[in-house]
Protein chains: 2
Amino acid sequence: MTELDIAEVAQRAGVPASTLRFYEEKGLIASTGRRGLRRQYDSGVLERLALIALGRTAGFSLDEIARMFAPDGRPRIDRRVLSAKAEELDRRIRELGALRDSLRHAAACPAPSHLECPTFRGLIDAAASGGVAAPGRRLPERR
Amino acid sequence: MTELDIAEVAQRAGVPASTLRFYEEKGLIASTGRRGLRRQYDSGVLERLALIALGRTAGFSLDEIARMFAPDGRPRIDRRVLSAKAEELDRRIRELGALRDSLRHAAACPAPSHLECPTFRGLIDAAASGGVAAPGRRLPERR
DNA sequence: GTTCTACTTCAAGTCGACTTGAGGTCAAGA
DNA sequence: TCTTGACCTCAAGTCGACTTGAAGTAGAAC
């Protein structure tokens, strides 16, 4: 495990240094020390950052992710939590799939106005009755 | 088209009255008048709200949605925008699908620690290289 | 030894979509 | 007529994940 300068970590992980400081403040990552003022990180931090990124795309909040690391720093991910998240994702995937299909149809549909397209109307009605709109936690933004 | 009281619209659409006021302020919906102080809405507002909800779950911002209504109030949804959004959704769906599969595997995997599970490691590496983490706009929260 | 530059800290700002709170008003029921 | 309670307005607050800005500092190049 080599030591990396914050700038190098930022560059390799593809996140701004401000984010690394923010994560450190939140206890998500830890620096091994300083060289002068500058934070140094163990190269293992890259894996940890990848794990964090992964958790974020899976829809976990930073706080939830923080709780997934044991005090020793090793991940302690509850398998039930993973299963539950997988199910949640699955539901979301199915919703989005239906939505995508309807959008495609609406885009191709020759009806003069979308409101006159039966498929589009069906979609609206489903949305109105809560059939489509059941998004869970927000998913992170691409930066 | 009957006239509805704001409370009725809120109840039927499943959104708080504060949201209706907020949407009205943003120009997303319009009230037909007042009875005393109270806003009255044309029942067509329900369809409009459904359309808004639909747009939100598809990942449009309120501003984008506002631009999708012509000045006369009829939707004018650009088919290219729909196609683009459908493609975006499709990409996101594939990402989430891969993530879900990996989560499921990790949940079932007998490796003592997730870090020792090859599938999980593959997932981390993919995330580290940006293969998984490519979320688009945030999707709305269920309220 | 001086300057440059990339880091440092800490507080405050941003963004989107609403919600909340304080203080006010009006239609309807008793 | 009086009370009640649900609505009204407007400003400010909230939430999560960061970013930005001001003012300071230390290692490295000259």
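In what follows, every heavy atom counts, from backbone to side chain, and hydrogens, waters and symmetry copies are set aside.
One atom, CD of E25(B), and another, C1' of dA11(D), lie 11 Å apart when rounded to the nearest Å. Distance CG (L20(B)) to C1' (dA17(C)): 14 Å, rounded to an integer number of Å. For R39(A) and dT25(D), the CZ to P distance is 16 Å, given to the nearest whole Å. Regarding K26(A), its NZ atom lies at a distance of 13 Å from the P atom of dT19(D), rounded to whole Å. Taking atom CD of residue E24(A) and atom C1' of nucleotide dC10(C), one finds them 15 Å apart after rounding to whole Å. What separates CD of Q11(A) from C1' of dA6(C) is a distance of 15 Å, to the nearest Å. Rounding to whole angstrom units, CZ of residue F22(B) and C1' of dT9(D) are separated by 16 Å. Atom pair Y41(B):OH and dC7(D):P shows a separation of 11 Å (rounding to whole Å applied).
Contact between the side-chain N/O atoms of R34(A) and the OP1/OP2 oxygens of dT9(C) is found at a separation under 4.0 Å. Considering only side-chain N and O atoms, T19(A) lies nowhere under 4.0 angstrom from the phosphate OP1 or OP2 of dA17(D). Considering only side-chain N and O atoms, R38(A) lies nowhere under 4.0 angstrom from the phosphate OP1 or OP2 of dA6(C). An OP1 or OP2 oxygen of dC18(C) is reached within less than 4.0 angstrom by no side-chain nitrogen or oxygen of S18(B).
A7(A) comes within 4.0 angstrom of the backbone, heavy atoms only, and of no base. Contact annotation for R21(A): base contact, defined as any heavy-atom pair under 4.0 Å involving a base atom.
When side chains are defined from C-beta on, R121(A) counts as touching L115(A), because their heavy atoms get closer than 4.5 Å. At a threshold of 4.5 Å between non-hydrogen side-chain atoms, the residues V15(A) and V9(A) do not count as touching.
Side-chain atoms of E95(B) and T57(A) include no donor-acceptor pair closer than 3.5 Å.
Closest to the side chain of L62(B), out of dC18(D), dA17(C), dC7(D), is dA17(C). Between dT19(C), dT19(D), dC7(D), one nucleotide has an atom nearer to the side chain of P16(A) than all others, and that is dT19(D).
The line from CD1 of I6(B) to OH of Y41(B) is 4.0 Å long, rounded to the nearest 0.5 Å.
Atom CZ of R74(A) is surrounded by 12 or fewer heavy atoms from other residues, nucleotides or ligands within 6.0 Å. Within a 6.0 Å sphere centred on CZ of R79(B), other residues, nucleotides and ligands contribute more than 12 heavy atoms.
The 5' end of DNA chain D is approached more closely, in terms of each residue's nearest nucleotide, by L37(B) than by the other of L37(B) and Y23(A). Residues D63(B) and R35(B) both approach DNA chain C. Their nearest nucleotides, taken by heavy-atom distance, put D63(B) toward the 5′ side.
Axis angle across the helix from dG1(C)-dC30(D) to dA30(C)-dT1(D), with five pairs used at each end and values rounded to 10°: 10°.
A cation-pi geometry, defined here as NZ or CZ lying under 6.0 Å from the six-membered ring centre and within 45° of its normal, holds between R48(A) and F69(A).
Salt-bridge formation is detected for the pair D90(B)/R94(B): a Lys NZ or Arg NE/NH1/NH2 atom is positioned less than 4.0 Å from an Asp or Glu carboxylate oxygen.
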